[in-house]
Asker: 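Could you have a look at this structure, given as structure tokens, before my questions?
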Amino acid sequence: MLNKIKKLSQKKFNKSDQHNQDNNNNTNVVRSSRPTATTASPLPNGESQTPAPSPSQTPNHPMFTSAPTLEVLPLLKDVSSSDRPLLFMKKSHMCSCQCDFSDALIMPREKEIKRQTLLELVDFLHSSSGKVNETMQSELIRMVSANIFRSLPPAHYENTGAPPEGNDPEEEEPYLEPWWPHLQLVYELLLRYVVSSEIEPKTAKIFINHTFVSRLLDLFDSEDPREREYLKTVLHRIYGKFIFHRPFIRCSVYNIFYKFLYETERCIGIGELLEIIASVINGFTVPMREEHRLFLVKAVLPLHKSKSISVYHQQLSYCVTLFVEKDYKLADTVIRGLLKYWPLTNCNKEVLYLGELEEVLDVTEPSEFQHCVVPLFTQIGKCLNSSHFQVAERALFLWNNEHIVGLIAENKDVIFPIIFEALERNMKGHWNQAVHGLSENVRRMFMEMDNDLFEECEKHYQENEAKTWELLEQREMTWKRLEEAASLAAN
């Protein structure tokens, strides 16, 4: 009887254990409020993606069945060549272990062991003896993935609750990763792996696949500028070495721009991505393909409308100028795109636009310049009369460029009548003396180009001014008659 009771209680205990284990398996862990950088963008041709090697998938070897622990191992150069691959894999597996950098006093020995091990792996890949077979590459990329692919911390406004549009990215102090001493070495190791001449692209593409590249692109949302700089270098090297990845990388970068423009408006990493795109544009063939023209119109030019354009404007202006240098027929498209997104109330953006406009006009052919003369100089005329002296001054500086002056001289019959009135207004009523002096210089330049046309424009301007005064006098007379009529009616 006693034995039956023991067996029955043992069965109940086992059922209770199983129930608790099921509950634990169904528990959801809430991570950061920011999405993890694991989602891969779809391929442009609709192909299925091969998932990147997961850090948890370890080789079928006894030393890799347990969780990695940080311990001192022999140096790679001190072991025989036959034992070196296994030691390399063990060191790579060991470096998958994460260290706590929240406090400098926590795990100091383990941190130093990992740092020294990563340095040794970097030197091994850089050395001439750094032969890495496919199995070693697999473990290496697993370790890299375990270290760099992570949940990024939320942005500053997500922590404080302040609206994103109220934060100036230039004024915010950048967030610096506390475990950068290790992360930098991991990125350096990845870079050495990608640029190594011993690594065949056909073998490396098994590990550096579309999913891996997509997760790298997601990391451009990191607020640490040092990490974004490494990401830019690594992605640029991947684009140069893995030709079969190029269409996917271009498509993924375009999608990031679209997401920035129409969803998040977070400008982190846009400047670095534009630097990559600039090197890509240099490799475009002429005549330019339609997909590249669409990218210019749909993704690059709309970047001008962002409120935070000052963060990445230098890179954006360089990309736009490269498009025109590659295909001169795009000048009209670019200039009209700038005019489309021209700011109405933001004077700082206007100064940036005028600087970019000068760079574009400097590489514009006369045949393309004729297509956009009227809308272009209508906008420049408005800038000349701006009450903000920096806008007016920057617009007048366009006449210091010899190429632009040559374009203006070839189209003076169209440009003089548009600009003349704006110059005369500056001469008579602008409050800034520097703008007044520059306007006088441009006016004198027009007179030297074509005195007859200048006199004709001056005559036309005086006629218009006379008509304007007549209208004002008629309006005043009308108001006086109305006032007299109203006073008689009141009496």
Asker: Among side-chain atoms of K459 and N464, is any donor-acceptor pair under 3.5 angstrom?
Answerer: no

Asker: Please tell me whether Y187 and R226 have a donor and an acceptor in their side chains that are separated by less than 3.5 angstrom.
Answerer: no

Asker: Does a side-chain heavy-atom distance below 4.5 Å link F257 with L273?
Answerer: yes

Asker: Quick check, are the ring centers of F149 and F212 under 6.0 angstrom apart?
Answerer: yes

Asker: Checking ring-ring contact (aromatic ring centres under 6.0 Å, His included) for the pair F420/F454: CA distance, chi angles, key distance, verdict?
Answerer: CA-CA 8 Å; F420 189 87; F454 179 85; 5.3 Å; yes

Asker: Do M288 and K329 touch side chain to side chain, with heavy atoms closer than 4.5 Å?
Answerer: no

Asker: Restricting to ring-ring contact (aromatic ring centres under 6.0 Å, His included), what partner residues turn up for F295, sequence neighbours left out?
Answerer: Y254

Asker: Does NZ or CZ of K205 fall inside the cone over F244's six-membered ring, less than 6.0 Å from its centre and within 45° of the axis?
Answerer: yes

Asker: Using distance alone, with no hydrogens and no angle criterion, decide if E350 and N346 have a side-chain donor and acceptor under 3.5 Å apart.
Answerer: no

Asker: Show every side chain to side chain donor-acceptor pair (under 3.5 Å) that has at least one partner inside residues 271-290, sequence neighbours left out.
Answerer: R228-E272, K232-E275, H236-S279, E275-Q315, R289-E291

Asker: With under 30° as parallel and over 60° as perpendicular, where do the rings of F242 and H245 fit, or are they tilted in between?
Answerer: tilted

Asker: With no hydrogens and no angle check, do the side chains of E359 and S317 hold a donor and an acceptor under 3.5 Å apart?
Answerer: yes

Asker: Holding to side-chain contact (heavy atoms from CB on, under 4.5 Å), I want the full list of residues that pass it with K241, two or more places apart in sequence or in another chain.
Answerer: I199, P201

Asker: Indicate yes or no: at least one non-hydrogen side-chain atom of C99 is less than 4.5 angstrom from one of W179.
Answerer: no

Asker: With the side chain counted from C-beta on, respond yes when R246 and V280 share a heavy-atom pair under 4.5 Å apart, and no when they do not.
Answerer: no

Asker: Verify whether one side chain among H436 and N432 offers a donor that lies under 3.5 Å from an acceptor in the other.
Answerer: no

Asker: Parallel under 30°, tilted from 30 to 60°, perpendicular over 60°: which one fits the rings of H313 and H304?
Answerer: perpendicular

Asker: Evaluate the side-chain proximity of R215 to L219: yes if any heavy-atom separation is below 4.5 Å, no if none is.
Answerer: no

Asker: Angle class for the F389/W431 ring planes (parallel below 30°, perpendicular above 60°, tilted otherwise)?
Answerer: perpendicular

